[in-house]
Colleague: 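The structure is given below, and queries will be raised subsequently.
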Amino acid sequence: MTAPSARGPSLETVGMSKAFGALKALKDVSISVPAGSFHALLGENGAGKSTLVKCIMGFYTPDRGQLLIDGAEVTVRNPRDAQALGVGMVYQHFTLVPALTAAENLVVSRAGAPAFIDWRKERKALEAFLDRMPFRVPLDRPVSGLAAGEKQKLEILKLLYLDQRFLILDEPTSVLTPGEADEILGLLRQMAHRGEITVAMISHKFREVEAFCDDFTVLRRGARVGGGKVGAVSSREMAAMMIGDAVVPPSAARIKAPKDGVTLEVAGLFAENDEGRSAVNGFDIRVKAGEIVGVAGVSGNGQSELVEALCGQRPIRLGQVLIRDQDFEPTRDHFDRFKVFGLPEEPLKNASVANMSVAENMAFRRFDKAPMARLGFWLSREPIRAKARELIERYNIRTPSPDTPIRDLSGGNVQRAVLARELSGDVDVLIVANPCFGLDFASVADIRGQIMEQRNRGAAVLLVSEDLDEILELSDRIAVMSGGKVAYLTDAASADRTTIGRYMAGR
Amino acid sequence: MNDAVLTVLIAMLGGAIRVSTPFMFVALGECLTEKSGRVNLGLEGTLVLGAMVAYAASYHTGSPWLGVLAAGVAGAALGAMHGAICGLPKVNDVAVGIAMMLFGVGIAFFFGKPYIQPTAPRLDSISLGFWSDSPSLKSALEVNPLFFVGVVIAVALAWALRNTRWGLVVRTVGDSAPAARAMGLSVNLVRFLTTSVGGFLAGAGGAFLSLSYPGSWNQGLSSGQGLMAVALVIFARWSPVRCVYAALLFGAAGALGPSLQSIGITQGYYFFNAAPYILTLVIMIATSSATHSARDMPGELTMAK
């Protein structure tokens with residue numbers, strides 16, 4: 001095993017293949033990342049990007065193919081081997097230990113940490129290390145108290161601290177403001193161009209790829225379908241490579257919607273997070289009929305708590321929700337009366353019972369009413385199944401049968417099933433959170449189309465999303481949520497990314 | 001009247017020190033185990049088995065300190081068993097803990113039958129009340145050396161959790177198993193070891209019961225101290241040093257009944273004897289409603305999920 005070099009190495013895969021049973025996750029993929037470059041790995045969900053990097057990192061053993069670092073063939077059997085070769089990865093979920101401080105996290109991650117830690121000496125070494133780095137983080141606070149951007153920086157610092165010079169980043173900017181993302185990616189690009197590191201980044205944000213990356217590779221259904229210098233092809237062409245021949249429905253048109261419908265008004269809403277700290281601090285918003293108001297913000301600024309409070313999953317400590325100028329309490333009775341529907345984030349966890357069947361999950365809104373129930377308690381199976389069959393057909397949900405447990409469906413199909421349940425009735429108010437997280441292009445276009453259609457029918461739609469592009473595409477007005485309240489409100493027509501980004505960062 | 005209050009307070013102080021020792025040992029063991037992300041509810045069984053083994057070993061060897069050691073080893077064996085079973089896939093640590101509790105108590109009674117009658121050498125106390133003429137203060141300050149051992153262990157544990165690689169590893173495993181795996185640590189091995197060491201401490205705590213106070217082996221020796229110690233760890237918010245304070249508080253509550261009896265208040269004797277249990281209940285209610293205890297809870301505990 002070679003000693004990790006102080007400079008960014010080059011990395012190549014040659015004919016790498018991996019199958020899981022009948023599924024060929026990776027088919028003969030060869031990529032080449034030259035030393036000191038910033039490489040983008042593009043592809044839809046399930047295209048094989050994570051399988052490829054997991055083969056490189058030693059989580060999987062490829063069935064065929066070689067891995068070359070600095071031109072020499074190497075064998076990586078587990079993540080430790082990869083670490084010893086100087087290859088490190090920043091995962092989408094954080095791998096820091098929340099209860100430990102930044103300093104403790106760094107020291108414990110070091111393979112040769114001393115049995116007894118001399119904190120004075122370690123502190124000095126850490127400070128000296130941070131002085132050489134492009135960004136720094138507070139060392140003495142528990143990681144659980146750091147902001148998402150600081151955690152992401154610490155993840156990257158950890159790899160550099162461990163002297164890992166080939167960095168694999170898995171969608172590193174999904175939790176960052178546009179400003180933070182630009183800062184971190186810009187600094188990494190500079191380090192790469194100085195030859196100190198080599199970076200491979202999984203991304204689906206063409207803007208970032210075009211601004212920061214040197215080369216790119218596109219994967220589709222496990223195979224390499226394109227690549228080259230960034231700038232040689234347009235983002236439209238890159239998207240075409242990613243999608244292939246899949247048909248993406250055109251995005252739904254925004255038409256002039258009836259304005260005389262129901263409005264949703266949230267006034268001075270306060271709610272606490274799980275740890276009892278204030279998360280929503282006086283949130284005010286007014287959503288008119290036939291309007292989508294997008295709530296943008298960096299995750300962890302109270303968005304989840306806001307949606308949970310509005311959907312009855314979290315107590316409202318203070319404040320008022322008015323629909324049709326009447327008091328709305330998030331109870332089953334009021335959801336029915338005011339025709340309020342919702343699609344919370346992670347619907348498998350938040351809006352379905354994983355072990356119950358698709359048909360049962362689709363009946364949640366009306367299983368206790370005729371014709372699904374007699375006398376309010378005696379359930380009839382057949383109407384429940386019949387309704388489910390109708391919705392499965394209409395919303396194009398791919399499931400073996402209505403009786404399949406919903407947990408066996410793919411993410412996009414769970415999302416569609418929950419959306420079908422929520423949209424099949426007459427919708428006055430729709431509350432949606434991160435509806436397209438982790439879905440492929442076709443599902444994304446489909447679900448965004450459904451949301452737009454409800455708006456066009458005259459529903460008041462509150463869309464909470466961490467994806468700024470989604471907000472910009474769908475919204476009529478945009479609110480930026482920061483520190484639990486609305487920091488900025490603008491018409492979508494006159495919105496600009498920089499201003500929104502500044503307010504997302506809490507200015 | 002003043003004298004009576006003083007007598008009660010002195011008796012309670014002595015009682016707190018005496019009664020708190022097994023609480024402290026079990027709580028420290030449980031604290032270490034929970035810091036690694038696992039709950040061992042079986043420590044009640046470990047405590048009883050420790051008491052029996054200590055008594056038997058002391059009886060056969062004539063050395064009570066060998067008894068303490070033997071109790072620790074027996075406890076470590078039970079802890080290792082718990083740790084190994086919980087390392088298997090899809091095993092729930094709480095369910096295994098309850099089974100281990102019944103198992104520990106069961107084998108202690110099974111092997112302990114012959115030791116109910118004989119008398120074994122007991123641990124000597126240190127007299128810290130030599131400066132005083134008050135006989136009640138003198139007897140209150142007859143402190144068993146195990147108490148000091150427990151305090152030293154608590155401080156050492158708190159220090160080690162912050163300042164040794166092992167401490168950081170235990171906290172890492174307890175707070176985020178995925179992070180620990182990404183570092184190449186074996187989560188199961190760490191938890192196996194912490195559960196074993198935790199079992200050792202709980203077993204040694206049992207030795208105190210049979211070799212110091214009450215100081216004999218019988219089947220009604222422990223009255224749920226092992227279970228209450230789990231509540232105590234929550235109350236102490238997973239800090240070893242706070243475990244000592246909490247153990248003293250529980251000890252004082254446990255000493256309330258006997259202390260009042262010593263000045264002739266026998267009314268409500270059973271009620272005052274129930275003080276530790278009532279305290280446990282109150283603490284559980286208070287901490288379950290307060291969200292702030294969640295902040296210090298190791299993230300991998302089943303109750304945190």
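Source: prediction; values computed, not measured.
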Colleague: Who among Asn163(B), Val169(B), Leu185(B) has the most heavy-atom pairs with chain A under 4.5 Å?
Modeller: Asn163(B)
Colleague: Just wondering, more than 12 heavy atoms not from Arg162(B) lying within 6.0 Å of its CZ?
Modeller: no
Colleague: Hey, could you give me the CG/OG1 distance between Leu168(B) and Thr101(A), rounded to the nearest 0.5 Å?
Modeller: 8.0 Å
Colleague: So which residue, Met57(A), Glu104(A), Met89(A), Glu122(A), ends up with the most heavy-atom pairs under 4.5 Å with chain B?
Modeller: Glu104(A)
Colleague: Going by side-chain contact (heavy atoms from CB on, under 4.5 Å), name the residues that satisfy it together with Thr33(B), two or more places apart in sequence or in a different chain.
Modeller: Arg38(B), Asn40(B), Thr195(B)
Colleague: A quick test of your reading: do over 12 heavy atoms of other residues, nucleotides or ligands sit less than 6.0 Å from NZ of Lys158(A)?
Modeller: yes
Colleague: Could you look at Arg181(B) and say if it's the side chain, the backbone, both or neither that has a heavy atom under 4.5 Å from chain A?
Modeller: neither
Colleague: Identify, with sequence neighbours excluded, every residue that meets side-chain contact (heavy atoms from CB on, under 4.5 Å) alongside Met101(B).
Modeller: Glu44(B), Leu227(B)
Colleague: Any chance CZ of Phe116(A) has more than 12 other-residue heavy atoms, nucleotides or ligands included, within less than 6.0 Å?
Modeller: no
Colleague: Using side-chain heavy atoms (C-beta onward) and a distance below 4.5 Å, is Leu100(A) in contact with Asp175(B)?
Modeller: no
Colleague: Return yes when atom CZ of Phe59(A) has more than 12 non-hydrogen atoms of other residues, nucleotides or ligands closer than 6.0 Å, and no otherwise.
Modeller: yes
Colleague: Minimum heavy-atom separation for Arg165(B) and Ile117(A), please, with both atom names.
Modeller: N-CD1, 3.7 Å
Colleague: Look at Pro114(A), Ser109(A), Ala115(A) and state which one has the largest set of heavy-atom pairs under 4.5 Å with chain B.
Modeller: Ala115(A)
Colleague: So what's closer than 4.5 Å to chain B heavy atoms on Pro98(A): side chain, backbone, both or neither?
Modeller: both
Colleague: Does Val97(A) form a side-chain contact (heavy atoms from CB on, under 4.5 Å) with Arg171(B)? I'd like the steps, not just the answer.
Modeller: CA-CA 8 Å; Val97(A) 186; Arg171(B) 286 164 63 203; 5.9 Å; no
